[in-house]
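Order of the sequence lines sets the chain letters (A, B, ...), proteins ahead of strands, with each chain counted from 1. Keep in mind that the numbers below use all heavy atoms, side chains included, and drop hydrogens, waters and symmetry copies.
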Protein chains: 2
Amino acid sequence: MSREQIVAGAADMIRRRGLNATSIREVAKHAGTPLGSTYHYFPGGKNQLATEAVRLSAEIVTRVLDKKLRQGPAEGVRAFFGLWREVVAGTDFQAGCPVVAVAVEEAAHPEALAASAEAFRAWSRQLAESLEQHGVEARRAAQLATLVVGAAEGAVVMCRAQRSIQPLDDVAAELTALLESVISART
Amino acid sequence: MSREQIVAGAADMIRRRGLNATSIREVAKHAGTPLGSTYHYFPGGKNQLATEAVRLSAEIVTRVLDKKLRQGPAEGVRAFFGLWREVVAGTDFQAGCPVVAVAVEEAAHPEALAASAEAFRAWSRQLAESLEQHGVEARRAAQLATLVVGAAEGAVVMCRAQRSIQPLDDVAAELTALLESVISART
DNA sequence: GTCTATACGAAGATAGAC
DNA sequence: GTCTATCTTCGTATAGAC
């Protein structure tokens with residue numbers, strides 16, 4: 001089983017149960033590799049594994065965003081919400097965002113926390129740049145981008161707790177409307 | 001040490017480290033009570049303690065909201081963001097929302113998860129009712145209320161990861177502006 | 001380089017002495 | 001009713017046989 005599959009498995013477990021409930025033992029078992037091998041690939045232990053899991057998850061979202069934002073910020077935001085909707089609904093409300101899970105449980109894994117911060121920053125910046133390219137003033141674009149990322153992440157948490165997709169859909173509806181009005185005003 | 005202080009201590013540890021990293025042992029030590037006593041007061045074990053911690057935290061916010069919303073939805077939203085700002089900034093980005101922590105780590109604590117869902121629902125409903133009373137149509141009011149709660153919670157997570165209060169302030173600025181425009185349009 | 005076996009600590013929970 | 005002592009399980013991590 002390849003190294004990246006171990007990381008992907010770890011990311012999946014983290015987004016479902018959280019970081020602390022994800023043991024390296026279980027990650028190894030899930031990947032079909034012995035415990036010792038896992039430590040051979042990840043000498044940094046749990047910290048390293050969590051960090052790479054966050055980075056991998058962040059990159060997947062970044063790539064989708066990068067592609068969709070070429071069709072404009074509205075399309076990018078739609079895709080961003082679509083991604084989270086798929087994760088939450090596709091796992092029967094079992095999974096959320098691994099970046100959030102790591103950020104909430106911080107503590108003994110500083111590098112993983114830094115990777116979380118970087119993920120949020122990367123997504124926000126992508127959205128903000130796209131908004132700027134469509135005429136939104138820089139400060140406002142940054143604010144709106146943060147709002148989109150924060151609201152989506154918060155809505156994912158609410159959806160899982162309430163076992164309903166409605167929070168995500170509600171938030172997506174409000175934000176797409178808001179962004180459309182902001183962009184059309186500047187066009 | 002009173003029963004409620006044990007719960008308050010647990011809530012504080014949960015919002016800092018997360019649910020799984022909060023052991024009953026440490027909660028007991030922090031409260032100055034022996035481990036056995038804690039199980040005497042909370043025979044349901046960790047599930048019960050987590051559930052009560054979430055409910056207590058939820059009620060504190062509910063009470064503030066209830067009071068501030070009498071001065072209108074804008075004032076309520078301002079207070080809501082103010083609360084979270086105080087928690088995040090006042091702990092040097094160490095603490096977040098215990099309701100989110102429990103929702104993200106789900107797993108073996110179904111009652112605690114249900115309490116989280118109830119907390120989100122209660123806050124949203126309070127905000128939605130206030131918006132309705134100020135002329136916002138019911139469906140829209142519910143959407144906006146969900147947006148406020150979700151965005152605040154997501155921003156809290158981002159603030160902790162990035163060790164910056166900016167996400168919360170950005171989101172608050174956007175949402176207060178949005179709500180003002182919605183309300184003034186209906187007045 | 002891969003994996004087995006194990007060291008060591010801490011978790012949830014309980015039994016039972018006071 | 002209060003607390004000490006302990007049971008059992010599982011966590012991270014490593015030593016060292018193949």
Output the rounded distance in Å from [atom1] ([X]) to [atom2] ([N]).
X	N	atom1	atom2	value
B:F42	D:dT2	CZ	P	13 Å
A:E26	D:dC10	CD	P	9 Å
B:N20	C:dA10	CG	P	17 Å
B:M13	C:dA11	CE	P	9 Å
A:R25	C:dA10	CZ	P	16 Å
A:K29	D:dG11	NZ	C1'	13 Å
A:Q48	D:dT12	CD	C1'	14 Å
B:N47	C:dA11	CG	P	18 Å

### Task
Using the side-chain contact (heavy atoms from CB on, under 4.5 Å) rule, take B:V157 and A:E153 through it: C-alpha gap first, then chi angles, then the decisive distance, then the call.
CA-CA 9 Å; B:V157 175; A:E153 294 288 17; over 6 Å; no
Counting heavy atoms from C-beta on, name the nucleotide in [options] closest to the side chain of [X].
X	options	answer
B:I24	D:dT2, C:dA13, D:dT4	C:dA13
A:L35	D:dT14, D:dA5, C:dT2	D:dT14
A:P34	C:dT4, D:dG11, C:dG12	C:dT4

**Message:** Need to verify one output field. Residue with the more 5' nearest nucleotide on DNA chain D, A:P43 or A:A21?
**Reply:**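 Its nucleotide being nearer the 5' end, the pick is A:A21.
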Taking only side-chain N and O atoms of [X], does any of them lie within less than 4.0 angstrom of OP1 or OP2 on [N]?
X	N	value
A:H40	C:dG1	no
B:Y39	C:dT14	no
A:S37	C:dT2	no
A:S23	D:dC10	no

Check your understanding: Can you name the residues that form a side chain to side chain contact (heavy atoms under 4.5 Å, CB included) with A:A95, not counting sequence neighbours?
Key ->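 With neighbours one apart ignored, the set is A:R15, A:R16, A:V87, A:T91.
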Quick one, B:E52 with B:R55, criterion salt bridge (Lys or Arg N to Asp or Glu O under 4.0 Å). Give me CA distance, side-chain angles, the key distance, then yes/no.
CA-CA 5 Å; B:E52 294 197 24; B:R55 284 208 257 258; over 6 Å; no
Item to complete: Have a look at B:G45 and say if it touches a base, only the backbone sugar-phosphate, or nothing, with a 4.0 Å heavy-atom cut-off.
Response: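 Counting heavy atoms under 4.0 Å across all strands, the contact made by B:G45 is with sugar-phosphate only.
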Exercise. Base, sugar-phosphate, or nothing for A:T38, non-hydrogen atoms under 4.0 angstrom?
Worked result: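 Result for A:T38 = nothing.
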Closest non-hydrogen atom pair, B:I24 against B:G45 =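 Reported closest heavy-atom pair: CD1-C, 3.9 Å.
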Practice task
Check side-chain hydrogen bond (donor to acceptor under 3.5 Å, both in side chains) between A:R163 and all other residues, then give those that pass, not counting sequence neighbours.
Solution key: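 side-chain hydrogen bond (donor to acceptor under 3.5 Å, both in side chains) check on A:R163 returns A:D92.
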